[in-house]
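Down below is the structure, laid out as structure tokens.
Just so you know, residue 1 is the first one in the sequence shown, and it goes up from there. Remember, it's a predicted structure, so these values are computed and weren't measured experimentally.
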Amino acid sequence: MKKKKFNSLERTESRTAWIMMAPALIVLAVVAVYPILRTFWLSFHQMQLTDPGSGYPFIGLKNYIDIFRDSRALESIGFTLKFTVTTVVFELLIGFTAALIMNKAFKGRGIVRAAILIPWAIPTSVSALMWKFIYNDQYGLFNDILYKLGVIDSYKAWLSTADGSFMALVITDIWKTAPYMALLILAGLQMISESLYESAKIDGANAVQRLLFVTLPNVKSTVMVALLFRTLDAFRVFDLVSVMTGGANKTESVSLYAYNNLMKFLDFGYGSAMAVMIFVIVFIISLLYMRAMGDQLSE
């Protein structure tokens with residue numbers, strides 16, 4: 001009898017919970033699930049608003065096949081991968097170093113921790129516009145510093161070449177997001193017990209050995225999480241490239257190219273296929289990271 005009452009109460013609570021969650025689930029379905037499903041549907045159809053009379057015929061995988069025949073699409077994927085690897089590696093090194101420094105006890109540590117977050121707190125579009133002025137070939141601060149240091153003999157238009165544009169984008173992204181990486185790693189460092197370092201010192205371990213055999217093993221799961229977030233964010237880069245270069249000089253990211261197809265060329269079918277491809281790549285990257293994180297945690 002008591003078991004029946006308990007089951008009845010449990011079912012009532014479960015039903016009440018679903019009723020209370022229903023409004024949020026409905027809103028989520030409307031603003032998130034439906035657009036995703038609609039994008040998948042469009043990717044299998046030909047839908048060009050410049051030719052509305054053609055209708056929306058089903059063309060199967062043609063849009064996806066066209067991506068791999070499109071040299072501009074392949075170039076955007078190559079740039080995005082290159083940008084992602086370069087920025088994530090440097091952000092990891094700089095962020096880890098900054099986290100180690102901020103984890104030490106020194107006067108003004110709280111101010112330093114707050115100040116380092118300022119670049120990350122600035123909206124990306126604002127940061128990009130600010131750095132675009134810094135790289136200006138006539139009055140930019142970057143040219144002025146290099147000229148006074150004797151590195152260059154005249155002001156250069158850094159955003160007018162492929163290498164210069166890539167370097168500018170990488171530096172800007174590192175400046176903005178390395179603090180975020182440092183913050184995540186710092187949280188992991190603070191979870192390490194000080195007794196582990198004391199034990200290592202008693203055993204005769206020097207600073208490098210303590211870093212390799214105490215710090216890194218205990219912070220690797222946090223580093224993996226930080227790498228996951230930054231890799232996904234870097235691969236989906238859009239506003240930084242859009243504001244600084246507009247995709248010129250071989251700096252068009254895959255997200256920007258998908259946007260151009262959708263909003264400028266009004267090719268909703270092909271643009272949707274590009275968006276789905278980005279989703280699939282991001283999903284695969286997430287799975288790889290999650291699997292690596294699972295292996296790390298199981299150890």
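The backbone N or O of F79 lies less than 3.5 Å from no partner atom in the side chain of K250, so there is not a single donor-acceptor pair. Remark: side-chain polar atoms of Q209 are paired, donor with acceptor, to backbone N or O of N206 under 3.5 angstrom. Between the side chain of T86 and the main chain of F83, no donor-acceptor pair closer than 3.5 Å is present. With hydrogens and angles disregarded, no donor-acceptor distance shorter than 3.5 Å links the side chain of N249 to the backbone of T251. A donor-acceptor contact shorter than 3.5 Å is absent between the side chain of T172 and the backbone of A128. With hydrogens and angles disregarded, a donor-acceptor distance shorter than 3.5 Å links the side chain of S76 to the backbone of A73. When atom types are taken as modelled, the side chain of D267 and the backbone of N261 share no donor-acceptor pair closer than 3.5 angstrom. No donor-acceptor distance shorter than 3.5 angstrom exists from the side chain of D203 to the backbone of A205, with no hydrogens or angles considered. Here the side chain of R291 pairs no donor or acceptor atom with the backbone of L287 at under 3.5 angstrom. Side chain of N218 to main chain of V214: a donor-acceptor pair is present (N/O by atom type, distance under 3.5 Å, no hydrogens or angles).
Using a 4.5 Å heavy-atom cutoff, the side chains of R210 and T215 are not in contact. Using a 4.5 Å heavy-atom cutoff, the side chains of K104 and L100 are not in contact. Contact check for L141 versus Y135: no side-chain heavy atoms found under the 4.5 Å cut-off.
Judged purely by distance below 3.5 Å, without hydrogens or angles, the side chains of Y64 and S43 pair a donor atom with an acceptor atom. Looking at S253 and S255, their side chains never bring a donor and an acceptor atom within 3.5 Å of each other. Of the N and O atoms on the side chains of E252 and N260, at least one donor lies less than 3.5 Å from an acceptor on the other residue.
M20 shares a hydrophobic cluster with no other residue; no ILVMFWY side chain has heavy atoms under 4.5 Å from its own.
How far CG of L256 is from CG of L240: 11.0 Å, rounded to the nearest 0.5 Å. Distance CD1/I59 to CG/N63: 3.5 Å, rounded to 0.5 Å.
Around the CZ atom of F68, the shell of radius 6.0 Å holds no more than 12 heavy atoms that belong to other residues, nucleotides or ligands. Counted within 6.0 Å of OH on Y197, heavy atoms from surrounding residues, nucleotides or ligands total more than 12; the atom is thus considered enclosed.
A salt bridge is defined here as a Lys NZ or Arg NE, NH1 or NH2 lying under 4.0 Å from an Asp or Glu carboxylate O, and R230 with D233 meets this definition.
Considering every non-hydrogen atom in both L42 and M47, the closest pair reads CD2-SD, 3.2 Å. Looking at every heavy atom in both residues, A98 comes nearest to A182 through CB-CB, 4.0 Å.
Taking the six-membered ring for Trp and the full ring otherwise, Y180 and W120 have centroids separated by under 6.0 Å. When ring centroids are compared, Y270 and F265 stay outside the 6.0 Å threshold. A ring-centre distance under 6.0 Å is not found for Y56 and H45.
Follow the hydrophobic side-chain contacts under 4.5 Å out from L211 and you reach M102 in the same cluster. Residue L216 is grouped with residue V223 when hydrophobic side chains (ILVMFWY) are merged at heavy-atom distances under 4.5 angstrom, including chains of intermediate members. Linking ILVMFWY residues whenever their side-chain heavy atoms come closer than 4.5 Å, directly or via other members, places F229 and M224 in the same cluster.
Applying the ring pair (Phe, Tyr, Trp, His ring centres under 6.0 Å) test between F142 and each of F133, W158, Y155, W131 identifies W158 as the sole match.
Every pair passing ring-ring contact (aromatic ring centres under 6.0 Å, His included) that includes a residue from residues 233-263 is listed here, sequence neighbours excluded: F238-Y259.
With a 6.0 Å cutoff to the six-membered ring centre and a 45° limit on the axis angle, K82 counts as a cation-pi contact of F166.
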